[in-house]
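Just so it is clear: chains get the letters A, B, ... in the order the sequence lines come, proteins before strands, and each one is counted from 1.
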Number of protein chains: 2
Amino acid sequence: MFSVSARTQYAIRAMVCLARAEGRQLTTAEIAAAEQIPPKYLEGIMTALKNAGLVSGERGKHGGFRLLKAPADIPMLRIIEALDGSVMPVNCVHTPDLCSLGCSCMPRQFWIGLKDVIDAYMRDHSLQDIAEGNDHGH
Amino acid sequence: MFSVSARTQYAIRAMVCLARAEGRQLTTAEIAAAEQIPPKYLEGIMTALKNAGLVSGERGKHGGFRLLKAPADIPMLRIIEALDGSVMPVNCVHTPDLCSLGCSCMPRQFWIGLKDVIDAYMRDHSLQDIAEGNDHGH
DNA sequence: TATTTCCCTATCGGCTAAGCAGGAATATAC
DNA sequence: GTATATTCCTGCTTAGCCGATAGGGAAATA
């Protein structure tokens with residue numbers, strides 16, 4: 001349960017790769033080879049990361065991707081949200097209108113609390129923590 | 001992301017229903033009608049809850065389901081695990097052998113930490129908290 | 001014996017995720 | 001200015017899971 005999509009795991013590994021490159025540009029081919037990710041599939045992932053403002057992509061020869069911020073300033077939550085949207089256990093967390101059941105949706109507060117806990121954890125861990133293998137958060 | 005399956009939401013609503021019945025037996029038909037759940041589908045869910053030791057099912061006339069413990073003694077985690085297995089963001093959390101990538105699986109500690117946070121939250125909230133609409137945990 | 005209920009197995013349709021393919025746009029190098 | 005390398009865009013295919021349904025078998029009661 002609560003399994004993380006391969007897409008998101010790929011994205012995180014790619015970001016770790018870029019973090020270790022320390023500003024150097026890497027091509028999707030390089031990242032894909034280093035992290036065992038299907039190259040064409042990775043392209044779409046990098047696009048999502050770019051649209052989220054996490055990386056910059058430059059085309060042409062000597063093109064590639066680089067981080068737009070220091071790894072320490074990139075919360076893991078940003079990466080996850082860039083890929084799969086926001087953490088939302090059940091739909092009615094954001095759109096309570098869906099609860100046509102009246103009192104039957106008592107669990108709503110429970111899910112909201114869960115979302116808060118997950119968000120907080122992911123905000124308190126930065127890309128740098130992952131890249132360095134540090135599991136204590138910052 | 002991290003969306004909860006309809007199956008699990010049905011299970012929780014059914015358990016709330018049983019909690020409010022205070023020991024009285026309820027049939028799947030009754031629960032399904034009260035909670036707007038497809039009756040046949042609910043049957044399979046009740047079987048899962050029974051196999052997890054959370055409810056007892058008795059057949060025949062005047063049969064039905066009842067809780068095996070007081071709602072306060074049923075952590076939400078138990079219900080979720082009964083349906084969708086244990087919380088496990090990525091496979092390698094429990095079976096590190098899957099990490100054939102060596103250092104590429106640096107995020108593992110991150111996922112383990114996330115699992116711990118989620119588990120703790122769900123352990124600290126009981127069925128009674130949900131049934132009463134109390135969102136503060138116990 | 002009839003009825004009610006839980007229990008088991010199989011099946012179906014729809015949706016999403018994962019991955020692939022082909023090419024268009026753009027920047028560099030010679 | 002032509003060739004090359006790279007990001008970018010669009011669509012497609014396949015496989016697997018999820019929600020739901022169907023039909024009937026086993027047990028408990030009246």
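- Contacts of A:S5 classified as side chain to side chain donor-acceptor pair (under 3.5 Å), with partners at least two apart in sequence or in another chain: A:T8, A:D84.
- Remark: B:A6 engages B:Y10 in a side-chain contact (heavy atoms from CB on, under 4.5 Å) (not counting sequence neighbours).
- As a whole-Å value, the separation of A:M1 CE from D:dC17 C1' is 15 Å.
- When the P atom of D:dC17 is taken as reference, atom CZ of A:F2 falls 19 Å away, rounded to whole Å.
- Scanning for side-chain contact (heavy atoms from CB on, under 4.5 Å) contacts around B:A19 gives B:L67, B:P71, B:L127, B:A131, with sequence neighbours left out.
- Judged as a salt bridge (Lys or Arg N to Asp or Glu O under 4.0 Å), and not counting sequence neighbours, A:D73 has no contacts.
- Distances shorter than 4.0 Å separate none of the side-chain N or O atoms of B:T28 from OP1 or OP2 on C:dT5.
- Counting non-hydrogen atoms under 4.0 angstrom, B:G64 reaches the backbone sugars and phosphates but no base.
- Taking only side-chain atoms of A:E43, from C-beta outward, the nucleotide of D:dC8, C:dA18, C:dT5 with the closest atom is D:dC8.
- Between B:Q109 and A:I130 the shortest side-chain heavy-atom distance does not fall below 4.5 Å.
- At the phosphate of D:dC9, neither OP1 nor OP2 sits under 4.0 Å from any side-chain N or O atom of A:T47.
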Open item on the list: Strictly under 4.0 angstrom, non-hydrogen atoms only: write out the protein contact profile of nucleotides 25-30 of chain D, one letter per nucleotide from the 5' end, B, S or -.
Closed with: BBSBSS
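- Atom CD1 of B:I45 is separated from atom C1' of C:dC6 by 15 Å (rounded to the nearest Å).
- The CZ-P distance, from B:R66 to C:dT5, rounds to 15 Å in whole Å.
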Polar-atom pairs under 3.5 Å, protein N or O versus N or O of nucleotides 19-21 of chain C: list them with distances, or write none.
from   : atom 1 : to    : atom 2 : distance (Å)
C:dG19 : OP2    : A:Y10 : OH     : 3.3

Sequence neighbours excluded and cut-off under 3.5 Å, please list the side-chain donor-acceptor pairs for residues 39-51 of chain B, or say none.
from  : atom 1 : to    : atom 2 : distance (Å)
B:T47 : OG1    : B:E43 : O      : 3.1
B:N51 : ND2    : B:T47 : O      : 3.4

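- Following rounding to the nearest Å, B:L26 (CG) and C:dT5 (P) show an atom-to-atom distance of 12 Å.
- OP1 or OP2 of C:dC7 sits under 4.0 Å from a side-chain N or O of B:K50.
- Residue A:L83 contributes atom CG, which lies 11 Å from atom P of C:dA17 at whole-angstrom precision.
- Distance B:Q36 CD to D:dG19 P: 17 Å, rounded to the nearest Å.
- For A:V117, the side-chain contact (heavy atoms from CB on, under 4.5 Å) criterion is met by B:V117, B:Y121, not counting sequence neighbours.
- Scanning for side-chain contact (heavy atoms from CB on, under 4.5 Å) contacts around B:S56 gives B:R66, B:L68, with sequence neighbours left out.
- Separating the CD atom of B:E35 from the C1' atom of D:dG19 is a distance of 18 Å, rounded to the nearest angstrom.
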TODO: Show your working on side-chain contact (heavy atoms from CB on, under 4.5 Å) between A:K69 and A:R78 and close with a plain yes or no.
DONE: CA-CA 12 Å; A:K69 290 187 194 174; A:R78 292 289 308 278; 3.6 Å; yes
